[in-house]
K.L.:
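I am attaching a structure below and will ask some questions about it afterwards.
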Amino acid sequence: MAPTVLLAVLALLALVAPGLGVAPGCDYPAHRWCSSRDIAAACQVESRCPSLPRSAAAPVQLSLYYESLCPACREFLVLKLFPTWLLLPEEMLNITLVPYGNAEERNISGKLDFQCQHGPEECLGNMIEACLMHEAQNFSTYFAVIFCMESGSSVTKNLEACLQIYAPEVDSSRIAACVQGDTGVALMHHNAQLTEALEPPHQYVPWITINGKHTDELQAQAEVSLLGLVCQLYQGDKPEVCGGSKAPKFPSGCRR
């Protein structure tokens, strides 16, 4: 319903049935009820004013430190993080993905080398996802592809199919060149630095920070009900989906 039509309906209601659905203490004429959020709140008609501007608030910042083949990481990303991101407005949640986890970086004769908890295949998966992020740039694009890769049977073999479905505009040959060249190594070195700089140091993956902080309580809340946690922490106007959510706990993470 157009705002002008809605205001006309509200004004008519005020004339026919004063006080119907309007707070008794509302001292504003009907044509002003939707003119500002404060007035709409005073008259208890916010739900009838779709044109009201949303209040500005900082998004909840979530960083996920993970590794591509860790079962608990994959489950959190696929079953919790991606669905939560889909459900919430873009301005509510800002996600940073850091594929590295419990890997180890070594300098061998001046050349960086990486050893991963689940073997060379995981190192390849980590680097593919890092290069995908580097090439795609747009979060919505690369997160959908990573979701597809992590939810499939083989993370490292799903790239082409997932690109065709979610990001056909991204050139897979550029990702391959990144993986095979110096750029991929540099990206993994950067992820290693980010992971090693965590305070407190990470003890397992998935390792989740919320607004730059990690605590056992925040980790547990994120794993049990990420949607509920984000809704609780966000300081702006909250969508209907924030009415509450419950979910079973995830399996224990991949410890070092």
Side-chain angles (χ1 to χ4, degrees), residues 62-88 90 93-105 112-192 194-195 204-208 222-223 226-227 247-248 250-254:
L62 184 149
S63 294
L64 175 64
Y65 296 82
Y66 71 106
E67 47 198 33
S68 62
L69 298 190
C70 167
C73 297
R74 297 176 72 178
E75 189 160 5
F76 178 78
L77 189 151
V78 170
L79 297 183
K80 293 295 293 184
L81 186 58
F82 189 76
T84 298
W85 174 72
L86 286 178
L87 286 169
L88 294 174
E90 182 178 358
L93 180 61
N94 185 29
I95 299 170
T96 299
L97 301 175
V98 185
Y100 185 80
N102 298 330
E104 294 183 4
E105 182 182 59
L112 292 178
D113 180 66
F114 303 94
Q115 285 190 323
C116 296
Q117 184 173 13
H118 299 92
E121 190 79 359
E122 180 166 81
C123 281
L124 176 59
N126 291 345
M127 192 174 290
I128 288 174
E129 293 183 5
C131 285
L132 167 64
M133 288 185 253
H134 176 73
E135 292 297 330
Q137 295 292 317
N138 182 273
F139 180 82
S140 298
T141 300
Y142 66 69
F143 192 29
V145 177
I146 289 174
F147 159 78
C148 177
M149 292 171 62
E150 292 290 343
S151 60
S153 58
S154 173
V155 172
T156 59
K157 294 180 175 64
N158 286 342
L159 177 63
E160 287 285 354
C162 292
L163 284 175
Q164 289 178 15
I165 297 170
Y166 292 104
E169 73 279 8
V170 177
D171 187 352
S172 62
S173 65
R174 291 179 62 86
I175 297 174
C178 170
V179 170
Q180 296 163 10
D182 294 339
T183 302
V185 174
L187 292 172
M188 293 313 302
H189 174 63
H190 177 66
N191 287 352
L194 291 176
T195 304
Y204 51 83
V205 287
W207 187 263
I208 302 160
E223 291 182 341
L226 179 60
L227 177 62
F250 286 96
S252 57
C254 297

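No experiment lies behind these values; they were computed from the predicted model shown. Counting begins at 1 with the first residue of the sequence.
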K.L.:
When rounded to the nearest 0.5 angstrom, what is the spacing between CG in Asn158 and OG in Ser153?
P.N.:
5.5 Å
K.L.:
Do the side chains of Leu163 and Ile175 get nearer than 4.5 Å, heavy atoms only?
P.N.:
yes
K.L.:
Could you tell me if the side chain of Leu62 sits less than 4.5 Å from the side chain of Leu226, heavy atoms only?
P.N.:
yes
K.L.:
In Å and rounded to the nearest 0.5 Å, what is the CD1 to CG distance from Ile208 to Leu81?
P.N.:
8.0 Å
K.L.:
Can you confirm whether more than 12 heavy atoms, excluding those of Gln137, are under 6.0 Å from its CD atom?
P.N.:
yes
K.L.:
Can you find a pair of side-chain heavy atoms, one from Glu129 and one from Leu97, that are under 4.5 Å apart?
P.N.:
no
K.L.:
Is there a donor in the side chain of Glu150 and an acceptor in the side chain of Tyr66, or the other way round, less than 3.5 Å apart?
P.N.:
no
K.L.:
For the residue pair Ala130 and Asn191, what are the closest heavy atoms and their distance?
P.N.:
CB-ND2, 4.0 Å
K.L.:
Does the side chain of Thr195 reach to within under 4.5 Å of the side chain of Trp207, using non-hydrogen atoms?
P.N.:
no
K.L.:
Kindly determine whether Trp85 and Phe147 satisfy ring pair (Phe, Tyr, Trp, His ring centres under 6.0 Å), including the steps that lead there.
P.N.:
CA-CA 11 Å; Trp85 174 72; Phe147 159 78; 9.5 Å; no
K.L.:
Taking atom CD1 of Ile128 and atom OG of Ser68, what is their separation to the nearest 0.5 Å?
P.N.:
8.0 Å
K.L.:
To check you understand the geometry: which heavy-atom pair defines the closest contact between Ile146 and Leu132, and what is its length?
P.N.:
CG1-CD2, 3.6 Å
K.L.:
Could you state the interatomic distance from CE (Met149) to NZ (Lys157), rounded to the nearest 0.5 Å?
P.N.:
11.5 Å
K.L.:
Please name the pair of heavy atoms, one in Asn126 and one in Pro99, separated by the smallest distance, quoted to 0.1 Å.
P.N.:
O-CG, 3.8 Å
K.L.:
Heavy atoms only: give me the nearest Pro83-Val78 pair and the separation to one decimal.
P.N.:
CD-O, 3.2 Å
K.L.:
Where do Tyr100 and Tyr65 land on the ring pair (Phe, Tyr, Trp, His ring centres under 6.0 Å) test, with the steps shown first?
P.N.:
CA-CA 7 Å; Tyr100 185 80; Tyr65 296 82; 9.8 Å; no
K.L.:
Taking the side chain as everything from C-beta on, heavy atoms only, tell me whether Glu223 gets closer than 4.5 Å to Glu75.
P.N.:
no
K.L.:
Once side-chain hydrogen bond (donor to acceptor under 3.5 Å, both in side chains) is applied, do any residues pair with Glu104, and if so which ones, sequence neighbours excluded?
P.N.:
none
K.L.:
Measure across Cys73 and Pro206 and return the closest heavy-atom pair with its distance rounded to 0.1 Å.
P.N.:
SG-N, 3.5 Å
K.L.:
Work out which heavy atom in Glu169 is nearest to a heavy atom in Thr141; give both atom names and the distance.
P.N.:
OE2-CG2, 3.7 Å
K.L.:
Nearest 0.5 Å, what's the CZ-OG1 distance between Phe139 and Thr96?
P.N.:
8.0 Å
K.L.:
Considering residues at least two apart in sequence or located in another chain, which fulfil the side-chain hydrogen bond (donor to acceptor under 3.5 Å, both in side chains) criterion with His118?
P.N.:
Glu67, Glu122
K.L.:
Working to the nearest 0.5 Å, report the span between CZ of Phe76 and CG of Leu64.
P.N.:
6.0 Å
K.L.:
Would you indicate whether the side-chain heavy atoms of Val155 and Arg74 approach each other to under 4.5 Å?
P.N.:
yes
K.L.:
Give a yes or no answer on whether the side chain of Arg174 reaches the backbone of Cys131 with a donor-acceptor pair at less than 3.5 Å.
P.N.:
no
